[in-house]
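A, B, ... follow the sequence lines: proteins, then strands. Residue 1 opens every chain. Excluded from the calculations below are hydrogen atoms, water molecules and symmetry mates; all remaining heavy atoms, backbone and side chain alike, are included.
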Protein chains: 2
Amino acid sequence: MRQLVLQVLTEQKTAISLPELEQKFEKADKATLYRTLKTFEEHQLIHSIEDGSGSLRYALCEDFCTCEPEHLHVHFSCNKCGKTYCMKDLPVPQPDLPNGFEFSSANFVVKGICSNCKK
Amino acid sequence: MRQLVLQVLTEQKTAISLPELEQKFEKADKATLYRTLKTFEEHQLIHSIEDGSGSLRYALCEDFCTCEPEHLHVHFSCNKCGKTYCMKDLPVPQPDLPNGFEFSSANFVVKGICSNCKK
DNA sequence: AAAACTTTTGCAACCGAGTTGCAAACTTAC
DNA sequence: GTAAGTTTGCAACTCGGTTGCAAAAGTTTT
């Protein structure tokens with residue numbers, strides 16, 4: 001099962017949500033897929049994005065990604081097709097927080113129209 | 001009802017979620033509060049933040065806020081107390097998107113420990 | 001002030017994403 | 001082959017959000 005999920009993930013060009021993953025299989029149980037994603041995430045194989053669609057989306061991490069703040073990248077969520085892209089070349093800036101606030105992670109999602117829908 | 005909700009909102013130092021708002025009242029119905037927030041949001045009195053807590057949070061907009069991209073600010077979500085702060089002084093940077101991608105909005109949430117929990 | 005109409009509210013039901021307990025199926029080790 | 005550990009599937013449940021509908025409250029018209 002995990003191997004199959006991994007395969008689907010590698011084939012994806014955009015981040016996938018649990019419900020979408022369910023549909024890809026029709027056979028596997030939601031709970032299994034859910035736990036698979038959690039396991040992958042724990043082992044830093046994938047990262048999760050809160051794109052505001054109501055469901056978390058997941059995408060493969062880069063090789064050697066340690067999921068540290070410096071490695072975070074911007075995500076783009078298309079208002080039209082709903083796809084969520086990993087902008088791996090766009091690092092998340094670390095803003096100057098006020099005194100006493102400690103940065104540990106960040107979620108930066110840009111919304112708009114993707115190049116595919118724009119055409 | 002709306003007046004009461006507005007009052008609660010002005011008293012808040014951090015963004016509030018629908019379930020939290022419900023608790024503040026004990027009397028009013030979820031649906032009423034829900035619709036109130038939606039109405040406020042439509043009229044750009046408040047803005048919503050997806051802080052990844054599983055529930056949307058709302059906070060009052062600044063006077064004359066038009067909710068345009070340039071007016072967006074960073075939000076900070078504390079991992080300890082769960083509060084979500086509006087960093088009104090920190091504008092959301094507009095990253096250089098690849099060709100064909102059109103920016104329309106953004107959600108930038110920094111996570112970590114807030115100054116209050118740090119003490 | 002009553003009638004007609006509009007708006008707001010409360011209830012109940014529902015949906016969808018995520019999550020968990022538990023027992024069955026499967027692996028691996030001995 | 002049996003015991004121990006792991007993975008899977010089912011079912012049930014939680015929780016935030018959302019909607020239809022009818023009652024209540026508020027407005028306007030006459």
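Across the protein-nucleic acid pair, M1(B) atom CE and dC11(C) atom P stand 12 Å apart, rounded to whole Å. If you measure from atom CD of Q23(B) to atom P of dG16(D), you get 9 Å, rounded to the nearest angstrom. A straight line from NZ of K27(B) to C1' of dT8(C) spans 15 Å, rounded to a whole angstrom. Atoms CG (L21(A)) and P (dT19(C)) sit 15 Å apart, rounded to a whole Å. Note: CD (E22(B)) to C1' (dT18(D)) measures 12 Å, nearest angstrom. Across the protein-nucleic acid pair, H43(A) atom NE2 and dT6(D) atom P stand 12 Å apart, rounded to whole Å. One interatomic measurement links the two molecules: CG of L18(B) to P of dT18(D), which rounds to 9 Å at whole-angstrom precision. Atom CD1 of I16(B) is separated from atom C1' of dG16(D) by 15 Å (rounded to the nearest Å).
The phosphate of dT8(C) (OP1 or OP2) has a side-chain N or O of R2(B) nearer than 4.0 angstrom. The shortest distance between the side-chain N/O atoms of T32(B) and the OP1/OP2 oxygens of dT8(C) is not below 4.0 Å.
Here S55(B) lies in heavy-atom contact (under 4.0 Å) with sugar-phosphate atoms only. Contacts of K38(B) with the nucleic acid, taken as non-hydrogen atoms under 4.0 Å apart, involve only primed sugar atoms and P, OP1 or OP2.
The side chain of Y34(B) lies closest to dG17(D), out of dT8(D), dT9(C), dG17(D). Closest approach to the R35(A) side chain among dG10(C), dG18(C), dC10(D) is made by dC10(D) (side chain taken as heavy atoms from C-beta onward).
With 3.5 Å as the limit, one finds no donor-acceptor pair spanning the side chains of N99(B) and S115(A). R35(A) and T39(A) form no side-chain donor-acceptor contact under 3.5 Å, judged by distance and modelled atom types alone.
For NZ of K83(B), the number of neighbouring non-hydrogen atoms (other residues, nucleotides, ligands) closer than 6.0 Å is 12 at most.
At a cut-off of 3.5 angstrom, counting only N and O atoms as typed in the model, there is no donor on one side facing an acceptor on the other between the side-chain of K30(B) and the base of dG10(C).
Checked against the 6.0 Å centroid threshold, F76(B) and F101(A) count as a close aromatic pair.
Remark: side-chain polar atoms of S104(B) are paired, donor with acceptor, to backbone N or O of K111(A) under 3.5 angstrom.
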